[in-house]
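In what follows, a structure is listed as structure tokens, so that the remarks can point back to it.
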2 protein chains.
Amino acid sequence: MPSKTETRRENLRQRLIELGEAVITEQGLPALKARSLAVEAGCSVGAIYNVFPDLHHLALAINGRTFKRLGEQVAGAVSALTDTPACERLVAMGLAYLDFASENTAAWTALFEIDMAVGEEIPHWYMAALEVLFDHIRRPVAELRPDLSPEDVEFLVRGLFSSVHGIVWLGLQKRISAVPRHEISRMITLILSEIGE
Amino acid sequence: MPSKTETRRENLRQRLIELGEAVITEQGLPALKARSLAVEAGCSVGAIYNVFPDLHHLALAINGRTFKRLGEQVAGAVSALTDTPACERLVAMGLAYLDFASENTAAWTALFEIDMAVGEEIPHWYMAALEVLFDHIRRPVAELRPDLSPEDVEFLVRGLFSSVHGIVWLGLQKRISAVPRHEISRMITLILSEIGE
DNA sequence: TCCTATATTGAACCTCGTTCAAATGGAGGC
DNA sequence: GCCTCCATTTGAACGAGGTTCAATATAGGA
């Protein structure tokens with residue numbers, strides 16, 4: 001049975017994650033500030049450090065949620081396409097990734113902006129979340145390129161993910177030089193269509 | 001004729017760029033600090049703000065140099081390969097990009113870590129430097145894919161650059177989960193070999 | 001040489017993340 | 001119900017960092 005203290009802490013923890021998520025979603029990772037968070041949560045600054053070792057870990061918890069939403073959205077884009085050619089399924093996932101990133105730019109940016117050097121501990125679920133995405137990509141890739149060894153399929157899977165990520169990342173960077181959405185999707189389509197031709 | 005003051009300023013400007021470049025090369029962008037820079041340069045903190053509006057602009061100047069070196073290294077990788085097949089030239093450039101990034105990780109990371117939101121002014125030469133790289137990529141791509149419209153060639157050029165960038169970026173991220181160098185180069189080779197097959 | 005406009009300086013300001021001595025509050029015993 | 005003791009919470013204080021600006025020093029001309 002959780003003690004009064006434990007439930008209070010757990011409530012605060014959840015409240016901080018939700019408030020922090022709103023901040024990151026609306027203003028990005030750099031806007032996550034201990035003092036303003038404390039005001040919003042109606043607690044003291046120190047209270048934050050009672051439930052998280054530091055702000056970095058709060059950000060990680062928030063990124064965990066974002067990763068989950070991202071995975072669901074990409075998975076959702078292919079789950080309905082069982083009889084669709086593999087190449088089109090690949091493109092659909094790439095475009096779903098672009099959709100998520102452009103609809104949740106600040107939160108998605110935070111996924112890769114966070115300083116992984118801190119504490120040298122990359123949460124295992126961070127890599128696990130990526131693996132889930134890779135799983136979805138592997139099937140169509142293996143179908144399209146039966147000539148490749150399993151190792152090369154794996155490299156191609158990771159290479160394709162990184163490629164789409166790179167196109168979206170550089171494409172969404174900065175409004176001023178930002179590439180129009182339809183140009184980004186054309187790049188993704190062109191690159192992914194090269195596979196298995 | 002430059003006044004005494006002007007030459008002093010110019011000297012300090014150059015000194016700061018060189019000292020800052022060493023800092024970024026060895027310890028990365030976050031290690032660029034006004035106070036320690038002032039000590040190293042033997043000047044006051046305020047003096048930095050006499051020659052640069054803020055540290056952001058000093059970092060931009062340093063990134064300008066890094067971009068130049070990067071461009072030269074990639075260009076150098078293809079300049080000797082005039083009779084080599086287009087596909088191999090593409091791969092050579094991709095691997096040259098990887099070489100530069102892994103030999104100059106901190107400085108190369110700073111190119112994309114810098115906060116472009118500040119002041120909303122992306123220096124024109126930042127984009128110009130990228131265009132130089134694109135120029136090198138365009139020739140082999142146009143050769144390999146004569147079926148594509150000029151617009152699509154352009155999209156493929158930018159898409160391929162972004163792809164290689166994405167593979168290198170995610171591959172070099174963090175020692176712990178860092179991908180071995182030969183795996184990164186295999187991903188690049190696989191992706192680029194898909195073009196024009 | 002002296003004088004004034006210009007340039008330089010660095011202490012002080014502000015904003016952060018994080019800490020820790022002091023105040024608070026809960027739980028068990030009487 | 002009340003008291004005591006220990007865990008919990010608090011928020012002022014610390015240290016680090018970018019940036020500013022009144023005070024100081026220095027050109028450069030008369």
Side-chain angles (χ1 to χ4, degrees), chain A residues 1-17 19-21 23-24 27-63 110 113-121, chain B residues 1-17 19-20 22-24 26-63 106 110 113-121:
Chain A
M1 160 178 59
S3 73
K4 220 171 194 174
T5 298
E6 276 168 42
T7 59
R8 198 157 9 109
R9 276 164 108 104
E10 190 49 35
N11 284 345
L12 179 60
R13 197 186 148 83
Q14 287 310 317
R15 196 143 31 99
L16 288 175
I17 291 179
L19 289 169
E21 190 171 28
V23 171
I24 288 185
Q27 307 165 253
L29 188 59
L32 196 73
K33 307 283 167 67
R35 283 168 180 78
S36 64
L37 217 50
V39 171
E40 288 183 69
C43 70
S44 68
V45 230
I48 297 171
Y49 294 85
N50 290 333
V51 289
F52 289 104
D54 49 35
L55 284 191
H56 176 73
H57 282 77
L58 169 56
L60 280 180
I62 294 166
N63 277 354
E113 234 178 6
I114 201 164
D115 189 4
M116 287 306 198
V118 174
E120 74 220 69
E121 37 144 349
Chain B
M1 160 178 60
S3 74
K4 222 170 193 176
T5 298
E6 276 167 43
T7 59
R8 195 154 15 104
R9 276 164 108 104
E10 190 48 35
N11 284 344
L12 179 60
R13 196 186 149 83
Q14 287 310 317
R15 195 142 33 98
L16 288 174
I17 290 179
L19 289 169
V23 171
I24 288 185
E26 287 154 29
Q27 306 165 255
L29 189 57
L32 196 72
K33 308 284 168 66
R35 283 171 180 76
S36 64
L37 216 51
V39 171
E40 288 184 69
C43 70
S44 67
V45 229
I48 297 171
Y49 293 86
N50 290 334
V51 289
F52 289 104
D54 50 37
L55 283 191
H56 176 72
H57 282 78
L58 169 57
L60 280 180
I62 294 166
N63 276 355
E113 234 178 7
I114 202 164
D115 188 4
M116 287 307 199
V118 173
E120 75 220 65
E121 36 145 349

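Below, chain A is the first sequence line, B the second, and so on; all start at residue 1. Being a predicted model, the structure only gives us computed values, none of them experimental.
Counting heavy atoms from C-beta outward, A:C43 and A:R15 have side chains that stay 4.5 Å or more apart. Residues B:T7 and B:E10 have side chains not in contact (no heavy-atom distance under 4.5 Å, counting atoms from C-beta outward).
If you take CD of B:E6 and C1' of D:dT26, they are 16 Å apart, rounded to a whole angstrom. To the nearest angstrom, P of C:dC16 lies 16 Å from CG of A:L58. Between the P atom of D:dT20 and the CZ atom of B:F52 lies a distance of 16 Å, rounded to the nearest Å. Separating the CG atom of B:L37 from the P atom of D:dT19 is a distance of 12 Å, rounded to the nearest angstrom. We find that CD1 of B:I48 is positioned 13 Å from P of D:dT20, with the value rounded to whole Å. Atom CZ in B:R13 sits about 17 Å away from atom C1' in C:dA7, given to the nearest Å. Atom CZ of A:R8 and atom C1' of C:dA27 are 13 Å apart (whole Å). Counting to the nearest Å, the P atom of C:dT8 and the CG atom of B:N11 are 12 Å from each other.
Within the 3.5 Å criterion, the main-chain N or O of A:R9 finds no donor-acceptor partner in the side chain of A:N50. Using modelled atom types, one side-chain atom of B:D54 and one backbone atom of B:H57 make a donor-acceptor pair closer than 3.5 Å.
What you find for A:I48 and A:A34 is that their closest heavy atoms are CD1-O, 3.4 Å. When all heavy atoms of A:G20 and A:L32 are compared, the pair lying nearest together is CA-CD1, 3.7 Å.
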All N/O pairs under 3.5 Å across the protein-nucleotides 18-23 of chain C interface:
residue: C:dT18; atom: OP2; partner: A:Y49; partner atom: OH; Å: 2.8
residue: C:dT18; atom: OP2; partner: A:L55; partner atom: N; Å: 3.2

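With distances taken from any side-chain atom of A:K33 to the nucleotides D:dA27, D:dT10, C:dG17, the minimum falls on C:dG17.
For B:P30 and A:N50, each mapped to the nucleotide of DNA chain D holding its nearest heavy atom, the one lying further toward the 5' end belongs to A:N50.
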